[in-house]
Amino acid sequence: MPMKSGAIYARISQVLDPEDTLGVRRQIEDCQHGADRRGDRIAHVYTDNDVSATGDKPRPAYQRMLKAIH
C-alpha cells in the first residue's frame with residue numbers, strides 16, 4: 001500500500017497556563033503513532049492551544065490548515 005501524507009490538527013479549548021502544551025502534545029503524539037502504524041507521513045502539524053471552538057471564535061491554525069488544503 002502506498003504511503004499517504006497528511007496533517008495533524010490538535011486543539012485544547014482551555015488551559016490554566018497558556019504555556020502548558022501537554023494536552024496538544026498528547027494529541028499530536030497519539031495521531032503520530034496512528035500514522036506510523038499505518039505507514040503514513042505527517043507533512044505538517046497545526047495546533048491551537050487554549051482556543052475554544054465554540055461560536056465564531058477564530059482558530060488561526062485551523063484556518064491555516066484549511067488554506068493549505070485548498
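If you read the sequence from its start, that first residue is 1, and numbering goes on from there.
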Please report, to 0.1 Å, the donor-acceptor pairs under 3.5 Å made by any side chain of residues 30-37, with sequence neighbours excluded.
residue, atom, partner, partner atom, Å
Q32, NE2, D36, OD1, 2.9

Sequence neighbours excluded, which residues qualify as side chain to side chain contact (heavy atoms under 4.5 Å, CB included) partners of A43? S5, R41

Quick one: does any side-chain atom of Q27 pair with a main-chain N or O of R11 as donor and acceptor, under 3.5 Å? yes

Separation of I8 CD1 from I42 CD1 (nearest 0.5 Å): 4.0 Å

Residues forming a side-chain hydrogen bond (donor to acceptor under 3.5 Å, both in side chains) with Y9, sequence neighbours excluded: D48

In Å, rounded to the nearest 0.5 Å, how long is the span from CG of L66 to CZ of R59? 8.0 Å

Looking only at non-hydrogen atoms, find the nearest pair between Y46 and A68 and report the distance. OH-CB, 3.4 Å

If you measure from NE2 on H44 to CE on M65, what distance do you get to the nearest 0.5 Å? 10.0 Å

